[in-house]
Amino acid sequence: MDFRLGEKSEQLRAEVREFLDEVFTAEMRARCRASGVQHDPEFSAAVRERGWLALGWPKELGGQGRDPLEVLAYTEETRRQDAPIYGLSTTMMVAYVISLMGTEEQKAAFLPKAFAAEIVIALGFTEPENGSDAAAAATKAVRDDDGWRITGSKMFTTNASVADYVFLLARTDPDAPKHRGLTTFLVPVHQPGVEVRAVGTLSGERTNITYYEDVFVGDELRIGEVDGGWRVMTTGLAAEHTASFSGEQDRLLAALVRWAEATTDADGRLKSADPAVRERVGRSRTELEVSKLLLRRSAVLRARRDPSLVGKGSMSKLFSTERLERQARETLELIGPDGLRSTGDPTAVEDGAFEHMVRHAKGTTIYAGTSEIQRNIIAQHTLGLPRSS
Ligand SMILES: Cc1cc2nc3c(=O)[nH]c(=O)nc-3n(C[C@H](O)[C@H](O)[C@H](O)COP(=O)(O)OP(=O)(O)OC[C@H]3O[C@@H](n4cnc5c(N)ncnc54)[C@H](O)[C@@H]3O)c2cc1C
């Protein structure tokens, strides 16, 4: 059994590192931090130029046909550096759904634009009253001639402020069982009746609440079958519950090691020789390794279409985010008051990386399925316990 990613993946990783050094400049990083928006058109254009928008897609669909471990190397590196890839990944995720389930007209209309990084598509599943239970969506779409009238609201529509479309889950049959009366639409953001309002988060990321007031959407923007929206949405989100935050763990550990090698205590001894620091570093390194191995297993299971991915992927998300949260808190305690200064302060240690990660880590345990939901999935799918009520 070989636990390494392999030569092709390491080659790609080296290319991604070089690319990020060149393209993801300090100025761009500062711009993303200041706006809190996880999307940057200049960065997206550079990714497009490298042909990396659809690394793992089959070649016949316009992708590069890279194997899952290569895709993983790309993801690990971009996340480790906090590159603004979220807008790209939601757009390509929806594009993939369209390539599988869209009409020929939809493929012709949207895929070239997605491949040109000309459009941004945000995800509109969560509502103010339901998130984990997305199937309880109350936003409704009602037939109107050759289209639909959509009314409701979506919470946490990240990137809606820079998006062209929201991929929205709406209730089309209020009388059907909740998973069966839903349909997905691509709702153009820039039209009367759509309002995007900023929602600030603990980590400084900007997300949004989006309102839809009797918004007309032509039937040509319906993705998949009427009342078949649950299947469309879950096809798109298949990878979400297996998301891993090992990139963040890696980034935090690297910052801690740099700090420990550059900082001395009152007696002039390097912090890297301090047993408390070494203990934290050793533990973080081990936890990072476990996260990476869990993620590698998920990538292999996904490639094999192995159904055990459902519970095992959740382990990857759960472990990496909960350890990240603890790692961030304990690292900040170790560094002390110096670690509290934020980015932008010229005296901030590691440009505020430590205090930022404490705030950022909390969110990772919520989006892409909360820790409670992941634990439920693990209990149900790996131990055969009944579904949670
Ligand atoms: C920064 C950020 C960005 C996001 N971006 C997007 C986005 O772009 N698009 C989008 O659609 N959504 C997005 N989300 C929403 C995210 O997916 C939801 O917040 C998440 O699914 C939880 O839903 P909720 O907030 O409604 O909490 P709820 O589902 O109301 O849960 C509240 C609490 O109850 C617990 N709980 C719920 N059900 C169960 C159960 N069955 N068993 C045990 N415990 C349970 C939860 O774990 C949680 O602790 C984002 C969220 C954040 C914080």
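In listed order, ligands and their atoms are each counted from 1.
The single protein non-hydrogen atom nearest to atom 14 (N) of ligand 1 is Phe156 CB, 3.3 Å, given as residue, atom name and distance. Atom 49 (O) of ligand 1 has Glu372 OE1, 3.4 Å as its closest protein atom, hydrogens excluded (heavy atom only). In terms of protein heavy-atom proximity, atom 20 (C) of ligand 1 is closest to Ile366 O, 3.7 Å. Ranking protein heavy atoms by distance to atom 46 (C) of ligand 1, first place goes to Thr370 OG1, 3.6 Å. Nearest protein neighbour of atom 52 (C) of ligand 1, counting heavy atoms only, is Tyr367 CD2, 3.6 Å. The nearest heavy-atom contact from the protein to atom 30 (O) of ligand 1 is Gly131 N, 4.7 Å. Ranking protein heavy atoms by distance to atom 15 (C) of ligand 1, first place goes to Thr126 OG1, 3.2 Å.
With hydrogens and angles ignored, the 3.5 Å screen pairs a side-chain donor or acceptor of Thr91 with a backbone N or O of Ile121. Gln106 places a side-chain N or O within 3.5 Å of a backbone atom of Thr103 that can act as its donor or acceptor partner. A donor-acceptor pair is defined here as one N or O able to donate and one able to accept, closer than 3.5 Å; such a pair exists between the side chain of Arg359 and the backbone of Leu202.
For atom 2 (C) of ligand 1, the nearest protein heavy atom is under 4.0 Å away. Inside a 4.0 Å radius of atom 42 (N) of ligand 1 there is at least one protein heavy atom. Note that atom 34 (O) of ligand 1 has no protein non-hydrogen atoms nearby, at separations under 4.0 angstrom.
Annotation for ligand 1: atoms under 4.0 Å from non-hydrogen atoms of Ile373 are 38 (N), 39 (C), 40 (C), 41 (N). Counting the atoms of ligand 1 from 1 in the order shown, those under 4.0 Å from a heavy atom of Leu123 are 7 (C), 8 (O), 9 (N), 10 (C), 11 (O). For ligand 1, the atoms closer than 4.0 angstrom to any heavy atom of Asn130 are 26 (O). For ligand 1, the atoms closer than 4.0 angstrom to any heavy atom of Ser388 are 41 (N). The atoms of ligand 1 that sit less than 4.0 Å from any heavy atom of Ser132 are 21 (O), 22 (C), 23 (O), 28 (P), 29 (O), 31 (O), 37 (C), 38 (N).
Judged by distance alone, the side chains of Ser291 and Gln249 do bring a donor and an acceptor atom under 3.5 Å apart. Of the N and O atoms on the side chains of Thr172 and Asp227, at least one donor lies less than 3.5 Å from an acceptor on the other residue. Asp306 and Ser308 share a donor-acceptor pair across their side chains, judged by distance under 3.5 Å alone. Checking Ser203 against Glu205 by side-chain atom types alone, a donor-acceptor pair falls below 3.5 Å.
Applying side-chain contact (heavy atoms from CB on, under 4.5 Å) to Phe185 and the options Val232, Val217, Val215 leaves one that passes, Val217.
Salt bridge Glu355/Arg341: absent, no basic N to carboxylate O contact under 4.0 Å.
Under 4.0 angstrom from ligand 1, the non-hydrogen atoms of Tyr86 all belong to its side chain. With a 4.0 Å heavy-atom cut-off, ligand 1 is reached by the backbone of Thr158 and by its side chain too. When heavy-atom distances to ligand 1 are checked against a 4.0 Å cut-off, Asn376 comes that close only through its side chain, counted from C-beta outward.
With sequence neighbours excluded, the residues satisfying salt bridge (Lys or Arg N to Asp or Glu O under 4.0 Å) with Glu350 are Arg258.
Relative ring orientation between Tyr367 and Phe245 is described as tilted, the plane-to-plane angle lying within the 30° to 60° band.
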